[in-house]
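In what follows, a single structure is set out as structure tokens and then discussed.
Both ligands and their constituent atoms are indexed starting at 1 by order of listing. We count residues from 1, following the sequence as given.
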Amino acid sequence: MIHLIDSHAHLDDCKYEADREEMLDRARKAGVVQIINVGYDLASSARSISLAARYPFIFAAVGIHPHDAGEAPEDYLDRLREMSRRQGVVAIGEIGLDYYRDLSPRDVQQRVFREQLALARELGLPVIIHDRDAHGDIMDILRKDGIGPAGGVMHCFAGSWEMARECMAMGFYISFAGPVTYPNARRPKEVAARVDLSRLLVETDAPYLTPQPRRGKRNEPAYVRYVAEEIAALKGLSLEVLARATTENARRLFGLPEAF
Ligand code: NI
């Protein structure tokens, strides 16, 4: 039996309202043993904690996404710090910069990103980084501010091999989602093929970024297998070997218990 961990999903999304139980059932049957549900604002962080309380195989990350940085209340850091103490919270995320949609002013995105990096260092928690069309500023901030010994993950990685190598040297894991399965995704495929097996994670980012075989439909954690199969093929490894490594990596990064 293949065991996989979906290291990044948003299962509190209203798209699962009608069939969340069935969707989770399909994930379990597909061998998904654990899932990290990632917050993007205070409300979704609270919903992630609720999911983690309800399902022993779901763990939560709490944080403010760059899209939502402009709307973060003044006391958001105190509230994240409080939430981080709740059962099942394993990371600060997702945090970072998004210059593709620019939904929050860039100076605000940068401030909120840096404040949350500092919070993660203070709490000794790993970080989950969102980077869209902001590679230069992300790396500048990470070089300047650094991450703590708890490390982190570059989620849905879209950068170059040079960037991946520098991130790994900083203590990051590199995670790939559905886009690595798209036929024209040359760079993600090249980078995924080269990333050290000991630094690799897989994710869905469900309900977004549905892998190729199901593209156009709603994504869900069961489909993380397509991501794992693609990377295994790119690396010339069996799915078993890839699954075992990425599952161990996710457990090491997030401090997850063994699951059966
Ligand atoms: Ni996400």
Practice task
Kindly say whether Leu209 contributes a backbone atom to a donor-acceptor pair with the side chain of Arg215 at under 3.5 angstrom?
Solution key: no
Practice task
Determine yes or no for a side-chain-to-main-chain donor-acceptor pair under 3.5 angstrom, with Thr210 supplying the side chain and Asn219 the backbone.
Solution key: yes
Practice task
Identify whether the distance between the nearest side-chain nitrogen and carboxylate oxygen of Asp12 and Arg47 falls below 4.0 Å.
Solution key: yes
Handout entry: Test: Arg194 and Glu190 ion pair at under 4.0 Å
Key = no
Problem - Asp205: its N/O/S atom lying closest to the Ni ion (ligand 1) (atom name) - result: OD1
Practice task
Give, rounded to 10 degrees, the angle between NE2 (His10) and OE2 (Glu94) as seen from the Ni ion (ligand 1).
Solution key: 90°
Exercise for the section: Could you confirm whether His130 has any N/O/S atom lying under 2.8 Å from the Ni ion (ligand 1)? Expected result: no
